[in-house]
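Notes follow once the structure below has been shown.
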Amino acid sequence: MKKKPESFEAAMLRLEEIANLLEDGDAELAKSLELYEEGAGLAAWCTAELNKARQKVTKLSDLGNSEE
């Protein structure tokens, strides 16, 4: 991944674009590999962001449950 995405949503939109480009099969091999590499980086970044969000929700839920 060349640079950090602006947002999770922007990364997901770019992943969708990449998937469509790769599915079309019109790109040359070198371009396809470049797109695949970009997509893999974005997917890893999105997964990390989802894990952070999941941890935050769990922490907040635990805090809410401890106040009862």
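Heads up: numbering here begins at 1 and tracks the sequence.
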> Do Leu13 and Leu42 belong together in a cluster built from hydrophobic side chains that touch within less than 4.5 Å?
Replying inline: no

> If you count the non-hydrogen atoms of other residues, nucleotides and ligands that lie under 6.0 Å from CZ in Phe8, is the total more than 12?
Replying inline: yes

> Can you list the residues that meet the side-chain contact (heavy atoms from CB on, under 4.5 Å) rule with Ala27, with sequence neighbours excluded?
Replying inline: Lys31, Ser32

>> Would you say that Arg54 contacts Asn51 through its side chain, given a criterion of any heavy-atom pair below 4.5 Å between the two side chains?
In response: yes

> Roughly how far, to the nearest 0.5 Å, is CD of Glu49 from NZ of Lys52?
Replying inline: 4.0 Å

>> Minimum heavy-atom separation for Ile18 and Leu35, please, with both atom names.
In response: CG2-O, 3.5 Å

> Any salt bridge (Lys or Arg N to Asp or Glu O under 4.0 Å) pairs touching residues 16-30, not counting sequence neighbours?
Replying inline: Arg14-Glu17

>> Can you tell me how far apart CD (Glu38) and CG (Leu22) are? Round to the nearest 0.5 Å.
In response: 10.0 Å

> If you look at every heavy atom in Cys46 and Leu15, which pair is closest and at what distance?
Replying inline: SG-CD1, 4.2 Å

